[in-house]
Amino acid sequence: MSRALYLCGKRDVRVAPFNLREGKPGEVLLEVAAVGLCGSDLHYYKDGGIGATTIRQPFVPGHEFGGWLASDLPRKGLKGGDLVAVDPNHACGYCAHCRAGHPNLCPNVEFIGAPPFDGAMTQTIWVPEEQVVPIPQTFSPAQAAMLEPLGVAIHAVDLAKPRLLEQVALLGCGPIGLLILQVLKVAGAGEIIAADPLPHRQETAKRLGASRAGASVQDIAAWTHDEGAPLVVEATNAPEGFRDAVRASRIGGRIVLVGIPDGDTYMLPAAEARRRGLKIKFARRMGDVYPRAIQLVAAGKVDVDAVVSHRFGLDETPEAFRLHAENAPGMLKSLIFPNSDDGRRQG
Ligand SMILES: [Zn+2]
Ligand SMILES: [Zn+2]
């Protein structure tokens, strides 16, 4: 019998037998190779939900994943045993937002791993064929799983539109921030100055190309002589993230907000934002970004492995949630390997 990790409520996660349902027409069975623990999964864990989306019954999280096909998929030129990635986003395709080219904003979306749709922290999963993304067979399970968060970073940089060699302030150097940092470099951004309260994240940011990394927005202010940066990308989980993005921004600057704040509330003094005349965009998931995510990894332009700090087996996953909720030292991205005892055999 297959097993899965269930989120049952606030700070309540359990590994239990998983009754694999029957596949529907147009679905294909995967053995899950690797699945990422995302900041959004952590919000469900810490807060019991995100905004109006709450855990009403035990559900299986996990939307960043890759797996091995259980059978051939000739329509996509794939064979049983091939490693594939999965786009978790199933937009309706017919609403005004889908037709306008924004499938990430579809109100009818079915998203694998967001309640009530079970996700991939399980050993086997049925997914719609059309959401299967072929990848180079040289990719590791970790790289397959990291394409989804890399897609979020690509979408954020698409919204940010950095000018050539433009200075960028990056707030938050967690996995998404560190992927955004790398994509900004590919997109031609100039000096990237970063802030994160955790020292190991500052170090990783510098290793991946930030010119400077400090603990707070005060460092950004000092480095820009209190002018602020023309472009700010926020990828924190802090209620102060929006306020800090405003403080890091130059008058007339642009801000892209990517993070999901703890408690689902921003703290923002109005005058500081109004007086700067800012242009602000909110990033929501991603659009059709997988082809570029695959190219960036295949060409070695983005190092997704540099962002992965921990690997766990399925039984260790409750511990992984606990460590992340505590901000335990050294944590960046954790990957779960549901079909490996110790999470280290496959990678
Ligand atoms: Zn995610
Ligand atoms: Zn739609």
Side-chain angles (χ1 to χ4, degrees), residues 5 7 32 34-47 49-51 53 59-67 85-115 117-121 125 127-128 130-131 133 141-157 172-180 183 233-237 257-262 264 282-290 293 297 302 304 307-310 312 317 320-321 324-325 331-336:
L5 182 284
L7 255 170
V32 179
V35 49
L37 198 166
C38 175
S40 60
D41 302 325
L42 210 58
H43 279 294
Y44 287 114
Y45 177 76
K46 289 198 287 191
D47 299 340
I50 299 178
T53 311
F59 99 106
V60 180
H63 57 273
E64 311 170 345
F65 65 107
V86 177
D87 182 347
N89 197 80
H90 184 268
C92 77
Y94 54 77
C95 74
H97 314 288
C98 281
R99 281 180 306 171
H102 304 296
N104 56 318
L105 304 180
C106 174
N108 312 317
V109 67
E110 294 184 6
F111 194 86
I112 298 173
F117 305 100
D118 278 339
M121 288 193 189
I125 185 171
V127 298
E130 62 198 54
Q131 287 168 253
V133 181
Q143 289 172 321
M146 290 301 291
L147 292 173
E148 201 273 352
L150 176 56
V152 170
I154 292 171
H155 181 61
V157 174
C173 301
I176 295 291
L178 294 169
L179 292 171
I180 289 171
V183 178
V233 182
E234 184 272 349
T236 78
N237 60 2
L257 296 165
V258 186
I260 304 175
D262 281 340
D264 194 42
F282 291 87
R284 158 84 168 155
R285 292 177 179 160
M286 63 177 91
D288 189 17
V289 293
Y290 274 84
V297 173
V302 169
V304 289
V307 173
V308 178
S309 62
H310 290 71
F312 298 92
T317 307
F321 272 88
H324 277 283
M331 305 294 284
L332 276 171
K333 186 71 175 179
S334 286
L335 293 181
I336 318 297

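Ligands are counted one by one from 1 in listed order, and the atoms in each one are counted from 1 as well. Model, not experiment: these values are computed from the prediction.
- Coordination check, Asp41 versus the Zn ion (ligand 1): failed, since every N/O/S atom of the residue sits at 2.8 Å or beyond.
- Interatomic distance, Asp264 CG to Asp47 CG, rounded to the nearest 0.5 Å: 8.0 Å.
- Its N, O or S atom nearest to the Zn ion (ligand 1) is what matters here, and for His63 that atom is NE2.
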What verdict does the side-chain contact (heavy atoms from CB on, under 4.5 Å) test give for Leu37 and Phe321, after you've listed the backbone C-alpha separation in whole Å, the side-chain angles of each residue and the deciding distance to 0.1 Å?
CA-CA 8 Å; Leu37 198 166; Phe321 272 88; 3.8 Å; yes

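- Nearest N/O/S atom of Glu64 relative to the Zn ion (ligand 1): this is OE2.
- Rounded to 10°, the angle formed at the Zn ion (ligand 2) by Cys98 SG and Cys95 SG is 110°.
- Separation of atoms CG (Leu332) and NE2 (His324) is listed at 8.5 Å; rounding is to 0.5 Å.
- Taking the Zn ion (ligand 2) as the apex, the angle formed with SG of Cys92 and SG of Cys106 is 100°, to the nearest 10 degrees.
- Relative to the ring axis of Phe111, Arg285 places its NZ or CZ within 45° and under 6.0 Å from the centre.
- The distance from the CD1 atom of Ile125 to the CZ atom of Phe65 is 4.5 Å, given to the nearest 0.5 Å.
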